[in-house]
Structure formats: C-alpha cells, structure tokens
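Excluded from the calculations below are hydrogen atoms, water molecules and symmetry mates; all remaining heavy atoms, backbone and side chain alike, are included. Every value quoted in this text rests on a predicted model; they were computed, and no experiment measured them.
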Amino acid sequence: MRISRIFHASPLAVDQQVELSKDATNHLVNVLRAKVDQPLVLFNGDGNEYSAHLSDISKRSAFATIDSKLSLSVESPLPVHLGQGVSRGDRMEWVIQKSVELGVAEITPLVTERCGLKLSTERWQKKHQQWQKVLISACEQCGRNVLPVLHPVVNLTDWLTQSTNQLRLTLHPRAQSAFKHINLPPAGARLLIGPEGGFSEQEVYQTEQNGFNSVQLGPRVLRTETAAIAAISALQAIHGDL
C-alpha cells in the first residue's frame with residue numbers, strides 16, 4: 001500500500017500531534033478511507049520528511065502524530081525559473097504540475113498580448129490560489145520536500161526587465177543554438193515560454209532587447225504546454241539530474 005504524502009503548512013516536530021487541513025482530511029478520510037494508525041508522510045517545505053501516523057479521525061477532522069524526521073532532498077542542482085505565458089483551460093495547471101515534477105525552482109505566470117485570459121486583480125488572485133494547490137499536489141505526488149516558488153501574475157514587460165544572474169532563454173524553431181550547446185551559469189536558467197498564440201513581433205523584439213537568447217528544440221512548432229515541459233526536460237537532461 002502506498003503511503004500518502006501530505007503537505008502541512010506549519011512547523012513540525014517529532015512526537016507532535018497536528019490537525020491536518022480540511023483538504024487533507026477529506027482526501028484521507030472520505031476518498032482513501034484511511035483508518036487510525038495508518039502511516040503517512042508529512043512535509044512543510046523545510047526540506048525534511050516527517051514519518052507519522054493517523055492518531056485520531058472524525059468526519060470533519062483528522063490528527064496525525066509525528067514519529068520521526070528524515071532529511072531528504074530530491075531537489076535538482078539546476079535552478080530553473082519558468083516564465084509561462086498564461087493559457088486558457090487546464091493547460092496552465094498541466095504546465096505547473098509537470099514542471100514541478102521535473103524540478104523547476106520558480107514559476108511566474110505571465111500576461112502577454114495574446115494571453116487567453118483577461119481577469120480582474122481579484123480573479124487573478126483566485127487563480128494563483130488554485131495554481132498553488134496544483135503545485136502542492138504535485139510536490140506530494142513526486143516526493144519534493146521543498147515547494148517551488150509560485151510568483152504572482154505579472155505582465156511580460158515587467159518580468160523581462162527583472163534583474164537576474166540566470167541565463168535568459170526563449171524558444172524559437174529557427175534558432176541557431178540547441179540546449180546542448182549552451183553554457184549555463186551556476187545560477188541556472190530563466191526560461192521564457194509564450195502563450196497559445198505565441199508572442200507578438202513587439203514582444204519578440206522586447207525579449208531580444210532584454211538579453212534573452214533563442215534556442216530550439218528541433219524544427220517543429222510546439223504547443224505552449226509541450227514547449228515548457230520539453231524545454232525543462234532538455235535542460236534537466238543535459239545540465240541537471242535527469
């Protein structure tokens with residue numbers, strides 16, 4: 001039987017009893033039908049895993065007691081900051097989920113000229129909360145004990161001008177360089193992926209003016225969600241831990 005991994009956003013210590021979140025309680029009690037004394041693993045983003053067991057369960061609450069602490073890191077040695085043009089439907093959630101599984105360190109959702117979503121500030125905040133849940137769920141599934149940083153949504157222009165020591169990269173099917181030919185600094189890569197409709201000519205010009213280097217993943221034009229995952233995979237395979 002697979003042991004469930006649960007994110008708990010509070011300090012954890014051996015022999016401590018903690019009340020699990022409503023989402024975790026619902027998943028364990030109502031979906032998995034977990035019982036008292038069932039083992040589980042907790043993590044809170046501090047880089048450790050905490051072996052625990054369910055010590056008390058009711059319809060609306062569940063408590064776990066922590067048995068031991070294990071320092072365990074599966075983080076990639078290659079820091080990747082993904083700047084992802086926001087897409088409609090579940091494409092954005094899919095990119096966040098899979099990029100977390102592949103070891104990305106930071107994600108920034110970007111509003112571009114051809115962005116499929118035009119939302120108010122309040123609705124963007126709700127989207128961010130939704131995406132954060134997807135990120136946490138991906139960490140629970142893939143074994144990461146450190147949460148990647150999910151930055152608030154920003155305009156592409158603002159993100160391009162941010163200071164960074166990372167190598168700036170963006171995809172283009174007719175670029176001259178491939179991922180295997182680039183030299184990455186210790187700070188890693190800042191990877192820019194466009195939305196469903198791609199970048200406008202003005203946005204392409206802006207990326208070039210702000211020092212972004214074009215690289216290619218072959219001659220084919222990839223969908224936005226495919227491009228992000230393929231690019232991160234290539235970086236991790238050549239320069240990271242895949």
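The shortest heavy-atom contact between Gln206 and Leu160 is CB-CD1, 3.7 Å. Counting all heavy atoms, side chain and backbone alike, Ser214 lies closest to Ser177 at O-CB, 4.1 Å. Of all non-hydrogen atoms in Leu222 and Ala230, the two that sit nearest each other are CD1-CB, 4.3 Å. When all heavy atoms of Ser10 and Asn44 are compared, the pair lying nearest together is O-ND2, 3.0 Å. Between Gly85 and Thr112 the shortest heavy-atom distance is CA-CG2, 4.5 Å.
Residues Asp67 and Ser51 have side chains that never bring a donor and an acceptor to within less than 3.5 angstrom of each other. Asn26 and Arg60 are not linked by any side-chain donor-acceptor pair at a separation below 3.5 angstrom, with hydrogens and angles left out of the test. When only modelled atom types and interatomic distance are considered, Ser55 and Gln17 share a side-chain donor-acceptor pair under 3.5 Å. Judged by distance alone, the side chains of Glu19 and Thr25 never bring a donor and an acceptor atom under 3.5 Å apart. When only modelled atom types and interatomic distance are considered, Thr108 and His81 share a side-chain donor-acceptor pair under 3.5 Å.
Checked for salt-bridge contact, Arg91 and Glu196 meet the test: a charged N lies under 4.0 Å from a carboxylate O. Using a cut-off of 4.0 Å between Lys/Arg side-chain N and Asp/Glu carboxylate O, Glu49 and Lys69 are scored as not salt-bridged.
Using a 4.5 Å cut-off on side-chain heavy atoms (C-beta onward), Ser200 and Arg114 make contact. Considering only heavy atoms from C-beta on, Asn213 comes within 4.5 Å of Leu167 through its side chain. When side chains are defined from C-beta on, Thr224 counts as touching Ser87, because their heavy atoms get closer than 4.5 Å. Looking only at side-chain heavy atoms (C-beta outward), Ser137 and Gln97 stay at 4.5 Å or farther from each other. Within the 4.5 Å cutoff, the side chain of Leu184 has heavy atoms near those of the Leu78 side chain. Side-chain atoms of Ile96 and Gln84, non-hydrogen and from C-beta on, never get closer than 4.5 Å to each other. The side-chain heavy atoms of Leu147 and Gln132, taken from C-beta on, include a pair separated by under 4.5 Å. When side chains are defined from C-beta on, Arg168 counts as touching Thr164, because their heavy atoms get closer than 4.5 Å.
Atom CG in Leu28 sits 7.5 Å away from atom CD1 in Ile57 (nearest 0.5 Å). The CG atom of Leu42 sits 6.5 Å away from the CG atom of Leu20 when rounded to the nearest 0.5 Å. Taking CD1 of Ile136 as the start and NE2 of His8 as the end, the distance is 12.0 Å to the nearest 0.5 Å.
Looking only at distances, a side-chain donor or acceptor of Gln236 sits under 3.5 Å from a matching main-chain atom of Leu102. Without hydrogens or angle criteria, Asn155 side chain to Thr157 main chain gives no donor-acceptor distance under 3.5 Å. The backbone N or O of Lys180 lies less than 3.5 Å from no partner atom in the side chain of His239, so there is not a single donor-acceptor pair. Glu203 places a side-chain N or O within 3.5 Å of a backbone atom of Glu113 that can act as its donor or acceptor partner. The backbone N or O of Val95 lies less than 3.5 Å from a partner atom in the side chain of Ser99, making a donor-acceptor pair. With hydrogens and angles ignored, the 3.5 Å screen pairs no side-chain donor or acceptor of Glu93 with any backbone N or O of Asp90. Put simply, the side chain of His128 gets close to the backbone of Leu150: a donor and an acceptor are under 3.5 Å apart.
In this structure, His151 has its ring center no closer than 6.0 Å to that of Trp131. Taking the six-membered ring wherever Trp is involved, the centroid distance between the rings of Tyr50 and Phe43 does not fall below 6.0 Å.
Taken together through direct or relayed side-chain contacts under 4.5 Å among Ile, Leu, Val, Met, Phe, Trp and Tyr, Val111 and Val204 form parts of separate hydrophobic clusters. Taken together through direct or relayed side-chain contacts under 4.5 Å among Ile, Leu, Val, Met, Phe, Trp and Tyr, Leu235 and Leu242 form part of one hydrophobic cluster. Transitive grouping of hydrophobic side chains (ILVMFWY, heavy atoms separated by less than 4.5 Å) keeps Leu217 and Phe212 in distinct clusters. With hydrophobic clusters built from ILVMFWY side chains whose heavy atoms lie under 4.5 angstrom apart, Val153 does not share a cluster with Leu156. Phe63 and Leu32 fall into different hydrophobic clusters, where Ile, Leu, Val, Met, Phe, Trp and Tyr residues are linked whenever their side-chain heavy atoms come under 4.5 Å apart, directly or through other members.
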With side chain to side chain donor-acceptor pair (under 3.5 Å) as the test, would you mind laying out the steps for Arg5 and Asn145 before giving the verdict?
CA-CA 10 Å; Arg5 299 183 77 251; Asn145 294 320; 2.4 Å; yes
